[in-house]
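If you're wondering where the values come from, they're calculated on a predicted model, not measured in any experiment. Computation of the quantities below employed the complete heavy-atom set of this structure, encompassing side-chain atoms and omitting hydrogens, waters and symmetry-equivalent molecules.
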Amino acid sequence: MRESRKNKAIYIVYIVALFIFFYLPIVVMMVFSFNSSKSLTSMTGFSLRWYERLISDGSIMRAVYVSLTIALFATFISTILGTVTAIGLSKNRKIVRDIVLNMNNFPIMNPDIVTAIGLMILFSSVMFAKGYITMLLAHIAFCTPYVITSVYPKVRQLDPSVADAAMDLGATPFQALVRVIIPMLKDGIYAGILLAFTMSFDDFVISYFVTGNGVENISIVVYNMTKRTNPTINALSTIVIIVIALLIIISKLIPAMVKNTMKYFLVFGFVLILGLSIFTGMKGNARTLRVFNSGEYMDPELLTKFEEEYNCNIIYETFDSNESMYTKLMSGSEYDILIISDYMIERLIKEKRLQPVNWDNITHKDDINPENMGYIFDPENKYSVPYFVGTVGILYDKNKVDEKDLGDGWELLRNEKYAGDIYMYDSERDSFMVALKALGYSMNTTNKKEIKEAYEWLIDQKKNMDVVYAGDDVMDNMISGNKSIAVVYSGDGNYIMAENEDLGYFDPPEGTNEWCDAMVLTKECTDTELAESFMDYMLEYDNVYDNSIFVGYTTPVTKVMEDLKETEFKDINAYVPVFGAPNNEVFRYQDKEIKEYYSDLWTKIKAY
């Protein structure tokens, strides 16, 4: 008896621990959605600011609309296709059934990225403009196999004579299908509906590669938002969880609701018409501008103001990296303005994918800091208009790091006094930059001997210093004081220092990555006058001021930079890092061979 009670107690503890493991992160996320600050680890007070921002953010609300309508349409259509296919298979010969079922398994077993690339190439090859319809078709394509898999086992359990008996009693074949067969398959159909809706609503990879024309679902928006600390994600996720919980409760309390299918058909039809009317066309304006920018890298209110001022429509899309931007560009997606980094600009110039900017239309060109013009990737600024600038430097806790040690420059990151207390930036090029600069080499070197020395430097650092490679999560960790030193972009350092006054920032004297993100015109841009007006608009004082505060990065517009240095970012030296230092460089485009060499060594470093 005692043994039985002991086993029961262990079982209960196990179940409780399992529930805590699954639901504690959700509870924490919901609690921090009411945090008054941006911190994801420190609760500073109760506030509804992130819910207010969520409701006022048009891009997020549009993404919610897209996700819901796409999931509903895809579920509805794939359920019909999957159910009819499953019933039809039961009437075919075994060899046909086996072939179709095996083919049906391919999309399920295929990695999402393979399916995504395949669909992207398909839509591009048939010159199908990417947008709402392509996303919907893609979702129907990958949801239907799950419905077939759910419904077919139930079809096999049916007595084949049931349909014949119904028709013998006077039912037409359609009546036998709707009133006899389908009701007997309802469990499998309901399972297929749940699977299809879940897969569609949650999908990111396939949606990311097949969409365009400014259409983004929740997954894409959230993914791009994660590039910066943005608690609006917590607010959005909390609402989604509450809605799902309410739907589950309602379905349990009012099961009769599922019987009234006609209302659902009417709702689907209405939403379909509404959705197609919104997303298959523009707002009716004659002029349209397509802008492709990194996520969380522009104040959305500026886009609305520009549309009103110039009576045009902006299709605004975001990417998570320059490389994913390039992939979408190569897949046939067309844009007018790209806001991208130095080395990618150099690549697109070499590939003749950009057109020159008419600087006569950029009336605020004289407001740009001369130190942020004429970079080596575009010496005459023939193709690029600077957008944000900065450096990569070292952020440190002034209470824990001895100021004398700062004189070591990048070698501070190998000072064993700070072992286990360092974040390295999880970036191949920036990590090698640190090592190469510490060794006195160019960060753009193609000399394999020098690159190998940098590799040994990084391996030695990882072995002796127990460093942690971190991405954008370094911001919240440094604000919370989890470690004393971190390699960060100056813009991120600016944000972190604004939240934690105990932190300092410096650019090592050996030199660093002095980066520049700029606006460029693609070859496909036809309304260059409107595009250049947008570039000029983004250099106007008030717009630059608002945009810099929203993003937190350093503007190349001199007057705004000087004013913000004395107001919003006073005493934060990361806002105005050292520009034009003798040993600073910008990243250059790497050819395939040298890029692969770097990548192979980086893989070994991360696996060490």
Side-chain angles (χ1 to χ4, degrees), residues 57-60 62-63 66 129-132 208 211-216 220-221 223-225 227-228 279 281-283 285-342 344-345 348 353-358 361-362 364 383-388 516-540 543-544 546-548 550-551 553 555-556:
D57 192 332
S59 63
I60 295 178
R62 284 193 297 271
V66 170
K130 297 183 184 69
Y132 190 86
Y208 186 82
T211 191
N213 205 31
V215 178
E216 297 178 325
I220 296 174
V221 170
Y223 180 72
N224 288 327
M225 287 168 69
K227 298 302 291 179
R228 304 293 305 278
F279 289 103
M282 302 315 301
K283 296 190 302 188
N285 295 307
R287 307 178 82 183
T288 299
L289 188 67
R290 301 161 297 178
V291 180
F292 205 19
N293 191 12
S294 181
E296 293 290 291
Y297 211 38
M298 182 179 292
D299 184 349
E301 291 186 8
L302 296 178
L303 299 174
T304 304
K305 286 170 56 180
F306 183 83
E307 288 177 322
E308 293 172 353
E309 185 174 336
Y310 286 85
N311 189 29
C312 66
N313 179 73
I314 293 181
I315 299 174
Y316 185 72
E317 291 186 50
T318 56
F319 54 83
D320 67 301
S321 69
N322 287 278
E323 285 67 30
S324 62
M325 178 284 306
Y326 185 80
T327 300
K328 291 205 74 173
L329 203 62
M330 294 306 100
S331 73
S333 298
E334 294 186 354
Y335 305 96
D336 299 309
I337 294 178
L338 305 175
I339 302 177
I340 53 179
S341 299
D342 32 48
M344 187 56 69
I345 295 173
L348 296 183
R353 298 187 183 277
L354 303 180
Q355 58 177 303
V357 175
N358 183 356
N361 293 329
I362 311 298
H364 296 87
Y383 298 95
S384 59
V385 178
Y387 180 69
F388 279 123
C516 174
D517 293 341
M519 299 175 282
V520 296
L521 294 176
T522 66
K523 278 285 188 182
E524 291 72 30
C525 179
T526 54
D527 195 345
T528 55
E529 181 184 350
L530 181 63
E532 287 161 350
S533 295
F534 180 82
M535 291 177 167
D536 192 48
Y537 172 85
M538 294 307 297
L539 294 176
E540 291 180 16
N543 299 331
V544 175
D546 292 341
N547 202 33
S548 293
F550 179 86
V551 178
Y553 273 54
T555 174

Using every non-hydrogen atom in the two residues, find where E307 and I314 come nearest and quote the distance to one decimal. OE2-N, 2.8 Å
Could you tell me the separation between the CE atom of M344 and the CG atom of L348, rounded to the nearest 0.5 Å? 6.5 Å
Identify the two heavy atoms, one from P356 and one from L521, that lie closest to each other, and give their separation to 0.1 Å. O-CD1, 3.9 Å
E301 CD: over 12 foreign heavy atoms closer than 6.0 Å: no
Applying side-chain hydrogen bond (donor to acceptor under 3.5 Å, both in side chains), name anything that partners Y383, two or more places apart in sequence or on another chain. none
Looking only at side chains, do S324 and T327 share a donor and an acceptor under 3.5 Å apart? no
side-chain hydrogen bond (donor to acceptor under 3.5 Å, both in side chains) partners of N358, counting only residues at least two apart: none
Pairs touching residues 325-337 that satisfy salt bridge (Lys or Arg N to Asp or Glu O under 4.0 Å), sequence neighbours left out: R290-E334, R290-D336, E317-K328
Which heavy atom of F550 sits nearest a heavy atom of M298, and at what distance? CE2-O, 3.3 Å
Centroid-to-centroid, Y387 to Y553, below 6.0 Å? no
If every non-hydrogen atom of C525 is compared with every non-hydrogen atom of Q355, which pair is closest and at what distance? O-NE2, 2.9 Å
Is the closest side-chain donor-acceptor distance between E216 and T318 under 3.5 Å? yes
T522 side chain reached by L338 side chain, heavy atoms, under 4.5 Å: yes
Any I315 side-chain heavy atom under 4.5 Å of F292 side chain: no
Can a side-chain donor-acceptor contact be found between D517 and S341 if the only test is distance below 3.5 angstrom? yes
Might you point out which heavy atoms bring M519 and P386 nearest each other, and give the distance in Å? CE-O, 4.2 Å
So which heavy atom on Y537 is nearest to which on L302, and how close? OH-O, 3.0 Å
From I339 CD1 over to Y316 OH, what is the distance, rounded to the nearest 0.5 angstrom? 6.0 Å
